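Here the structure is a predicted model, which means the values were calculated and not measured. All residue numbers refer to positions in the sequence shown, counting from 1.
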Amino acid sequence: MSEMNLAYGNGDTSYQAAGGFEGLQKLAAAFYCAMDVLPEARKIRAMHSSDLAESTDKLARFLSGWLGGPKLYRETYGSIAIPRAHAHLDIDEAARDAWLKCMEVALSKQPYQQSFKDYMLRELYTPAERSRIAAQKSQR
């Protein structure tokens, strides 16, 4: 395991590994591009407006703070609790997995180290699963 691999999640190392905000903007754009074209993502794509500009901006800004960089989401949109913000949606295991697949595709198009791509997918499972649980609880 490399020294950089050990540092992911500490300070702003993950934010830097992602290429800062510019890198996260590219990742978010690739994520929503994947959502537009992957057949398994149809259900989650339908949960978004036709214009994905704001969603793309929100994702990049959220990831900035989540990865230890500037809290850009909060500065622009206010605070957010990911599970609560998504509780009104119909998120089941297939939707969670489709979201993660879109991120996997988006990550594959970035010039990140493979260890960072693996780290991102592993870490993003947690908020994706928490959103699924919150959505399932709210629909009971």
Side-chain angles (χ1 to χ4, degrees):
M1 188 176 284
S2 74
E3 186 176 323
M4 181 62 178
N5 208 3
L6 292 172
Y8 296 146
N10 294 322
D12 72 347
T13 55
S14 297
Y15 177 75
Q16 296 302 325
F21 188 59
E22 183 179 329
L24 292 172
Q25 289 174 305
K26 291 175 184 174
L27 175 64
F31 171 84
Y32 283 108
C33 182
M35 189 182 287
D36 265 341
V37 299
L38 293 177
E40 60 265 49
R42 279 190 203 115
K43 178 180 177 180
I44 60 172
R45 177 60 180 93
M47 296 177 191
H48 295 79
S49 67
S50 58
D51 182 354
L52 292 170
E54 184 177 52
S55 294
T56 303
D57 185 59
K58 284 182 173 183
L59 178 58
R61 289 175 183 279
F62 169 77
L63 289 173
S64 174
W66 189 73
L67 292 172
K71 308 288 188 209
L72 301 175
Y73 186 96
R74 183 175 32 196
E75 290 175 11
T76 305
Y77 299 105
S79 64
I80 186 171
I82 293 296
R84 195 173 331 123
H86 294 85
H88 67 285
L89 300 169
D90 181 19
I91 303 172
D92 56 13
E93 289 180 8
R96 176 205 61 208
D97 293 347
W99 190 94
L100 290 167
K101 180 64 177 178
C102 291
M103 186 56 72
E104 180 181 10
V105 169
L107 285 164
S108 75
K109 298 181 181 309
Q110 306 311 307
Y112 305 155
Q113 290 184 6
Q114 187 59 46
S115 60
F116 183 65
K117 293 175 185 182
D118 295 343
Y119 168 83
M120 286 287 289
L121 280 177
R122 186 173 59 249
E123 294 301 310
L124 284 168
Y125 177 85
T126 299
E129 175 61 5
R130 287 181 180 159
S131 294
R132 184 196 67 78
I133 292 168
Q136 296 300 301
K137 283 182 181 179
S138 75
Q139 293 178 11
R140 289 184 188 161

With a 4.5 Å cut-off on side-chain heavy atoms, are [Y] and [X] touching?
X      : Y     : answer
Leu72  : Leu24 : no
Glu93  : Arg96 : yes
Ile133 : Pro83 : no
Arg61  : Lys58 : no

(request) Looking only at non-hydrogen atoms, find the nearest pair between Ile91 and Gln139 and report the distance. (result) N-NE2, 4.3 Å

(request) Search all heavy atoms of Ala134 against all heavy atoms of Ala87 and return the closest pair with its distance. (result) O-CB, 3.9 Å

May I ask you to check whether over 12 heavy atoms, not counting those of [X], lie within 6.0 Å of atom [atom1]?
X      : atom1 : result
Glu22  : CD    : no
Lys101 : NZ    : no
Arg130 : CZ    : no

Report yes or no: does [X] contribute a side-chain atom to a donor-acceptor pair with the main-chain N or O of [Y] at less than 3.5 Å?
X     : Y     : result
Tyr15 : Ser64 : no
Ser14 : Tyr8  : no
Arg45 : Ser50 : yes

(message) Closer than 4.0 angstrom, basic N to acidic O: yes or no for Lys71 and Glu75?
(response) no

(message) Can you tell me how the ring of His48 sits relative to the ring of Tyr32, calling it parallel under 30°, perpendicular over 60° and tilted otherwise?
(response) perpendicular

(request) Quick one: sort the Tyr77 and Tyr73 rings into parallel, tilted or perpendicular, breaks at 30° and 60°. (result) tilted

(request) Please check if Leu100 and Phe31 belong to a single hydrophobic cluster, counting links between Ile, Leu, Val, Met, Phe, Trp and Tyr side chain heavy atoms closer than 4.5 Å. (result) yes

(request) Look at the side-chain heavy atoms of Ile, Leu, Val, Met, Phe, Trp and Tyr, link any pair under 4.5 Å apart, and say whether Tyr119 and Phe62 land in one connected group. (result) yes

(message) Out of the candidates Asp57, Leu63, Thr56, only one should pair with Leu59 under the side chain to side chain contact (heavy atoms under 4.5 Å, CB included) rule; please name it.
(response) Leu63

